[in-house]
Amino acid sequence: MAKSIASRAENYSQWYVDIIKKARLAEHSAVRGSMVIRPYGFAIWENMRDQLDRMFKETGHMNAYFPLFIPKSFLSREADHVEGFAKECAVVTHYRLMNNPDGDGIIVDPEAKLEEELIVRPTSETIIWNSYRDWITSYRDLPILINQWANVVRWEMRTRLFLRTAEFLWQEGHTAHATKQEAIGEAEKMHEVYATFAEEYMAMPVLRGTKTDSEKFAGALETYTIEALMQDGKALQAGTSHFLGQNFAKAFDVKFANEENEQEYVWATSWGVSTRLMGALIMTHSDDDGLIIPPKIAPIQVVIVPIPKPNDQVDEVAHQIMDDLKSKNITVEYDNDPKSRVGFKFAEHELRGVPVRIGIGKRDLEKNQVEIARRDTKEKSFVSLNGVSDYIENLLSDIQDNLFSRALEFRKEHTTEVDTMEEFESVIESKGGFIYAHWDGSPETEEEIKKRTKATIRCIPLNAVEEEGTDMISGKPSKRRVVFAKAY
RNA sequence: CGGGGUGUGGCGCAGUCCGGUUAGCGCACCGCGUUUGGGACGCGGGGGCCGCAGGUUCGAAUCCUGCCACCCCGACCA
């Protein structure tokens with residue numbers, strides 16, 4: 001086993017890193033906290049991106065692009081916003097280098113200091129709302145429904161591949177509306193788009209909910225979140241959608257004339273998902289043999305392996321199968337590299353998470369069949385040649401469903417209702433996962449629980465059942481349970 | 001920013017404590033041959049300013065000083 005990876009049980013973080021490296025998704029770069037996304041990893045991200053992009057466009061949004069650099073003064077216009085991001089901003093102070101007069105190399109030219117420093121965007125609300133001021137004068141200009149695909153920089157103390165890197169790729173939607181109701185509707189709509197994407201494409205069940213004040217986006221009145229559960233029992237915030245009220249409109253003086261010709265501030269939303277979804281994908285489905293990718297976002301859905309190596313007869317069958325699959329819009333690759341061996345190829349494609357493998361050998365062809373192996377369960381079946389493409393079409397859909405239900409089952413097993421702190425602490429320490437408990441709504445008890453257990457409120461679930469109860473710490477009354485977990 | 005760890009061919013490591021021939025091993029790579037239904041084997045080969053800069057010494061991967069980088073664990077955040 002040349003490429004063995006750590007097992008989840010023995011070392012979960014190492015398992016995670018091993019999968020990323022051995023499946024060649026990404027690697028650490030020369031720059032601290034920044035990663036190189038390799039072609040296979042990027043192909044998965046592209047599939048996520050394309051799907052999301054389609055969903056954004058279907059809901060009426062258009063893409064645009066705003067600058068990477070934000071004048072420092074912009075960031076400070078909205079008080080909560082600057083407080084949230086100030087501690088992790090990269091700042092551009094100079095615009096020129098020069099040869100070091102005292103020796104080797106180059107230095108920053110002290111003469112080339114910027115009048116106003118520029119912030120490398122940690123998010124783009126401010127630079128975008130500065131433009132919106134010019135774009136909006138009347139209710140006829142609204143709504144503005146814009147998304148941008150971009151990189152952002154947040155100078156994190158501690159980084160992990162995909163989950164938290166200093167620079168990451170994401171999309172950020174920024175919309176402007178005439179009414180509060182419409183803006184809230186937009187934030188909710190995009191929240192649901194994220195949830196649908198996560199569940200239908202990534203096969204990752206998510207909880208839909210809102211954030212408490214302490215977990216909200218800096219500058220938001222309401223943050224909607226989708227929360228997923230990873231295999232180590234920790235929660236991962238996978239996407240957020242914010243109702244921003246009129247905070248940014250006020251900060252950037254964005255007003256419009258309503259139908260009565262009265263000046264009003266514009267209502268805003270923003271929403272985003274990032275390459276963090278890659279981390280969610282890995283930790284939701286993969287096993288000790290490597291990556292598992294849901295068929296709907298797998299760069300290669302089917303790989304054909306000649307056994308033991310390519311020859312004319314196998315090639316012919318392989319190409320026939322490929323044509324059939326391609327006509328069904330199934331992506332397929334023929335691994336006819338004569339230099340590596342069968343066992344190696346099997347292991348390699350499993351490691352990289354290809355959902356379905358077709359093995360074609362002489363013994364199969366004598367029986368007019370091929371061997372088909374599915375990555376999620378590792379089951380193999382023999383399928384007669386004339387039924388291969390239909391079989392695979394069904395199988396891919398089966399795998400997609402199975403991954404979702406497997407993850408959902410895991411979540412059910414790792415979801416617990418508790419009523420006392422004793423239970424809470426024992427569940428957190430033993431199996432982790434989501435814990436439904438009553439909360440009195442105060443930041444103090446939330447903080448106290450965090451201090452004692454490291455668990456935070458992941459969300460206040462939408463459509464929660466109304467239920468009388470008492471807070472585990474304060475004993476004060478509560479009307480519904482909220483979801484706690486240790487989080488990434 | 002605190003604590004811990006690691007820097008030695010592309011990757012993973014040994015060697016460092018106790019300085020001493022041409023710095024070694026596994027994987028990967030190149031060549032030839034034999035193999036081939038689950039990560040092949042044999043033989044031959046190429047590749048290393050030992051993180052960087054000083055210092056000690058006849059002699060430094062090894063000892064000393066300084067610096068840098070990255071990883072892991074915490075506090076903070078997506």
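In what follows, chains carry the letters A, B, and so on, assigned in the order in which the sequence lines appear, proteins first and then strands, with residues in each chain numbered from 1.
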Rounding to the closest angstrom, what is the interatomic distance between B:G20 and B:G59 at atom P? 15 Å
Rounded to whole Å, CZ of A:R363 lies from C1' of B:G38 at a distance of 12 Å
Spacing between A:K367 atom NZ and B:G37 atom C1', to the nearest angstrom: 11 Å
At 4.0 Å (heavy atoms only), tell me whether A:Q237 reaches a base, stays on the sugar-phosphate, or touches nothing. sugar-phosphate
Can you tell me how far C1' in B:G48 sits from the matching atom in B:A28, rounded to whole Å? 16 Å
Rounded distance in Å between the P positions of B:G3 and B:A75: 16 Å
Any chance NZ of A:K454 has more than 12 other-residue heavy atoms, nucleotides or ligands included, within less than 6.0 Å? no
Say we look at B:A23 and B:C27: how far apart would their P atoms be, to the nearest angstrom? 22 Å
Atom CD1 of A:I360 and atom P of B:U36: how far apart are they, to the nearest Å? 20 Å
Could you check how far CD of A:E27 sits from P of B:A69, rounded to whole Å? 20 Å
If I take atom CZ in residue A:F382 and atom C1' in nucleotide B:G37, what distance separates them, rounded to the nearest angstrom? 9 Å
For A:F346 and B:G37, give me the distance from atom CZ to atom P, rounded to whole Å. 9 Å
Using the C1' atom as the point on both nucleotides, what is the distance between B:C50 and B:G9, in whole Å? 10 Å
Name the residue closer to the 5' end of RNA chain B, choosing between A:R458 and A:G361 according to the nucleotide with the nearest heavy atom. A:G361
What's the gap between B:G47 and B:U22 when it is taken at their C1' atoms, as a whole Å value? 16 Å
Tell me if the aromatic rings of A:F252 and A:F74 count as close, with their centers under 6.0 Å from one another. yes
Heavy atoms under 4.0 Å, any strand shown: does A:L163 hit a base, just sugar-phosphate, or nothing? base
Interatomic distance, A:D335 CG vs B:G38 P [rounded to whole Å]: 16 Å
Side chain of A:R164 only, please: which of B:G37, B:G38, B:C77 is the nearest? B:C77
Need one value for A:S13: base, sugar-phosphate or nothing, where a base atom within 4.0 Å counts as base even if backbone is also close, heavy atoms only. sugar-phosphate
Answer with base, sugar-phosphate or nothing: what part of the nucleic acid does A:F168 contact at a heavy-atom distance below 4.0 Å? base
Would you say A:K72 has more than 12 foreign heavy atoms packed within less than 6.0 Å of its NZ? no
P atoms of B:G19 and B:C63, separation to the nearest Å: 9 Å
When the P atoms of B:G12 and B:G66 are considered, how many whole Å apart are they? 28 Å
Base-paired stems that RNA chain B participates in, counting runs of 3 or more Watson-Crick or G-U pairs under 3.5 Å: B:1-7 with B:68-74, B:10-13 with B:24-27, B:29-34 with B:40-45, B:51-55 with B:63-67
Has the side chain of A:R341 got a donor or acceptor atom sitting under 3.5 Å from an opposite partner on the base of B:G37? no
Lys/Arg cation over aromatic A:F346: A:R357, 6.0 Å, 45° cone: yes
What does A:R357 touch in the nucleic acid at a heavy-atom separation under 4.0 angstrom: a base, only the sugar-phosphate, or nothing? base
Spacing of A:Y16 atom OH relative to B:C71 atom P, expressed in whole Å: 13 Å
Heavy-atom nearest nucleotide on RNA chain B taken for A:E88 and for A:S34; more 5' hit belongs to A:S34
Remember a base hit wins even if backbone is also touched, and classify A:T159 as base, sugar-phosphate or nothing at under 4.0 Å, heavy atoms. sugar-phosphate
Sub-6.0 Å ring centroid separation between A:W45 and A:F162: no
If you draw a 6.0 Å radius around CD in A:E316, do more than 12 non-hydrogen atoms from other residues or ligands fall strictly inside? no
Could you tell me whether the side chain of A:K380 has a donor or acceptor atom within less than 3.5 Å of a complementary atom in the base of B:G38? yes
At their closest point, which heavy atom of A:C459 faces which heavy atom of A:L207, and how far apart are they? SG-CB, 4.3 Å
When you look at A:Y201 and A:N47, which way does the side-chain hydrogen bond (donor to acceptor under 3.5 Å, both in side chains) test go after all the steps? CA-CA 10 Å; A:Y201 289 86; A:N47 285 346; over 6 Å; no
Can you tell me if A:R154 touches the phosphate of B:C77, counting only side-chain N or O atoms and a distance under 4.0 Å to OP1 or OP2? no
Across the strands shown, which category fits A:K362 at heavy-atom distances under 4.0 angstrom: base, sugar-phosphate, nothing? base
So if I take every side-chain heavy atom of A:K454 and compare against B:A75, B:G38, B:C77, which nucleotide ends up nearest? B:A75
A:K296-A:Q51 side chain donor-acceptor pair, cut-off 3.5 Å: no
